[in-house]
There are 2 protein chains.
Amino acid sequence: MTNHRQAVKSQSAAPKGRSERILDVAEQLAQRRGFNGFSYADIAEELAVTKASLHYHFPSKADLGVRLIARYHEAFTGALAEIDATIDDEAAKLRRYVALYDQVIAQDRMCLCGMFAAEYATLPAPMQVELRAFFDANETWLASVLERGRKSDRLTVRMSPNAHARILVQVLEGAMLVARAYGDLDRFRSAADHALAELGVGVKAS
Amino acid sequence: MTNHRQAVKSQSAAPKGRSERILDVAEQLAQRRGFNGFSYADIAEELAVTKASLHYHFPSKADLGVRLIARYHEAFTGALAEIDATIDDEAAKLRRYVALYDQVIAQDRMCLCGMFAAEYATLPAPMQVELRAFFDANETWLASVLERGRKSDRLTVRMSPNAHARILVQVLEGAMLVARAYGDLDRFRSAADHALAELGVGVKAS
DNA sequence: GTCTATAGGTGGATAGAC
DNA sequence: GTCTATCCACCTATAGAC
């Protein structure tokens, strides 16, 4: 019951901390313009603060980048846990998984980690490590869903769950990447639907 | 027979012009680091010239970027024409098409246009136009191969050739994107093989 | 065509007052 | 925690000599 997360003076529910606000803005910029496509000045302007105050929260841009990926990863993990907690059917789980990507592109954003993957060679090493951890976690979750779906005969998985999981991530990332250049959400959806159909997952029913 | 492409004084075959050399270096940098991840200084250092001399050939970076995409597009068009001129079988054509991507990632590069697609929102408008033209051309060529393959029963194309062509491009781009973050060529290959298998294209024989 | 020199701007980052 | 002020490296781009 007792919730003293950090502040006594704030009375409203879950008042986001300064750092979270900064991450929110940075995340949006990073997903739309890439890590090399935004600056502290961009964030500062949006939040109406100075660059110096941003450096107080995130001393270097590498720090900011690492936190960005870690938070994105945590949010994704949370969403996957939510799926696991509320859905049993594997086909439905996959539809929900794809819906996570759909929500991202619907906001005219690229997957944060897909974006960073493009810039991989220019990223600080700590960011590269976090980035792979994100993809690893996605592939692991998907592989386990595919495996259970196959055992229960609710999915048609023709290759190894692990290999197919990797392909799924690649398809979804690539679909977002190209769809965004056309500003065409449907390009993403038809690729995603196709990838699901291949596994015996229909668009609507289980 | 007569070949007076530009120079009288050069006796060796096809001596690349200064501009082409610049584009070669810029292309490599762009494919590895992205358009926002390299500078005139990087090119100048590699070619041991000054930045100012680069601006003589490409006044602005937007000019350079447009020429980069246009040349890449032309090279791709040439490769596709070569495929059409030497191969009849549609399955074999698709394998050759995938091999084009394979050669790119084998050099530790991302597809130039896949890379630029990630940075789309930050690109000068003329580059955005050229970028879409590249993808359009790819999709058109693929759609025609798929269509003929279906008519001749050499390919298994379950949806519209156009829709499937788009998906193919997305899969290949996404496969490169993620594979590069792992420095793992096989991640690209298994996704590509999977996409081909779905069309009834085996790994080796026709 | 390539150079030197430099303009004019923006990048990430720090010191120190408040 | 946020500010002002500033540093310095780097960026794209231009002027003008050779």
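In what follows, chains carry the letters A, B, and so on, assigned in the order in which the sequence lines appear, proteins first and then strands, with residues in each chain numbered from 1.
With sequence neighbours left out, His57(A) forms a ring-ring contact (aromatic ring centres under 6.0 Å, His included) with no residue at all. Partners of Arg150(B) by side-chain contact (heavy atoms from CB on, under 4.5 Å), not counting sequence neighbours, listed by chain and number: Val157(B), Pro161(B). A search for ring-ring contact (aromatic ring centres under 6.0 Å, His included) contacts involving Tyr40(B) returns His55(B), not counting sequence neighbours. Evaluation of the side-chain contact (heavy atoms from CB on, under 4.5 Å) rule for Val104(A) yields Gln31(A), Tyr72(A), Arg109(A), Met176(A) as partners, not counting sequence neighbours.
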Worksheet item: Could you go step by step and tell me if Tyr182(B) and Val178(B) meet the side-chain contact (heavy atoms from CB on, under 4.5 Å) rule?
Response: CA-CA 7 Å; Tyr182(B) 285 88; Val178(B) 178; 4.1 Å; yes
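Taking the six-membered ring wherever Trp is involved, the centroid distance between the rings of Tyr97(B) and Trp141(B) falls below 6.0 Å.
The stretch residues 158-176 of chain A participates, sequence neighbours left out, in no side-chain hydrogen bond (donor to acceptor under 3.5 Å, both in side chains) pair at all. Residue pairs that meet the salt bridge (charged side-chain N to carboxylate O under 4.0 Å, His left out) test with at least one member in residues 29-46 of chain B, sequence neighbours left out, do not exist here.
Rounding to whole angstrom units, NE2 of residue His55(B) and P of dC11(D) are separated by 11 Å. One interatomic measurement links the two molecules: CG of Leu54(A) to P of dG12(C), which rounds to 10 Å at whole-angstrom precision.
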Show which side-chain atoms of residues 188-200 of chain B pair as donor or acceptor with protein atoms under 3.5 Å away, not counting sequence neighbours.
unit_1: Arg189(B); atom_1: NE; unit_2: Asp102(B); atom_2: OD2; d: 2.7
unit_1: Arg189(B); atom_1: NH2; unit_2: Asp102(B); atom_2: OD1; d: 3.0
unit_1: Ser190(B); atom_1: OG; unit_2: Asp186(B); atom_2: O; d: 3.1
unit_1: His194(B); atom_1: NE2; unit_2: Glu198(A); atom_2: OE2; d: 2.6
unit_1: Glu198(B); atom_1: OE2; unit_2: His194(A); atom_2: NE2; d: 2.7

Which atom pairs, donor and acceptor, lie under 3.5 Å between side-chain atoms of residues 115-122 of chain A and protein residues at least two apart or in another chain?
unit_1: Glu119(A); atom_1: OE1; unit_2: Phe35(A); atom_2: N; d: 2.7
unit_1: Glu119(A); atom_1: OE2; unit_2: Phe35(A); atom_2: N; d: 3.1
unit_1: Glu119(A); atom_1: OE2; unit_2: Asn36(A); atom_2: N; d: 2.9
unit_1: Glu119(A); atom_1: OE2; unit_2: Asn36(A); atom_2: ND2; d: 3.4
unit_1: Tyr120(A); atom_1: OH; unit_2: Arg132(A); atom_2: NE; d: 3.1
unit_1: Tyr120(A); atom_1: OH; unit_2: Arg132(A); atom_2: NH2; d: 2.7
unit_1: Tyr120(A); atom_1: OH; unit_2: Ala181(B); atom_2: O; d: 3.4
unit_1: Thr122(A); atom_1: OG1; unit_2: Asn36(A); atom_2: ND2; d: 2.9
unit_1: Thr122(A); atom_1: OG1; unit_2: Glu119(A); atom_2: O; d: 2.9

Worksheet item: Under a 3.5 Å cutoff on both atom distances, Watson-Crick or G-U, what's the dot-bracket for DNA chain C ([ ] crossing, | other strand)?
Response: ||||||||||||||||||
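Salt-bridge check for Asp89(A) with Arg148(A): failed, with every basic side-chain N at 4.0 Å or more from each acidic carboxylate O. The pair Asp84(A)-Lys93(A) meets the salt-bridge criterion, with a side-chain N (NZ, NE, NH1 or NH2) lying under 4.0 Å from an Asp/Glu carboxylate O.
Closest non-hydrogen pair, Arg180(B) versus Asp108(B), comes out as NH1-O, 2.7 Å.
Listed by residue number, there are no residues of residues 24-33 of chain B with a heavy-atom contact under 4.0 Å to DNA chain C. Residues of residues 36-46 of chain B that place a heavy atom closer than 4.0 Å to DNA chain C do not occur.
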Worksheet, complete the sentence: In 5'-to-3' order, the base (B), backbone-only (S) or no-contact (-) status of each nucleotide in nucleotides 1-7 of chain D, using a 4.0 angstrom heavy-atom cut-off, is BBBB---
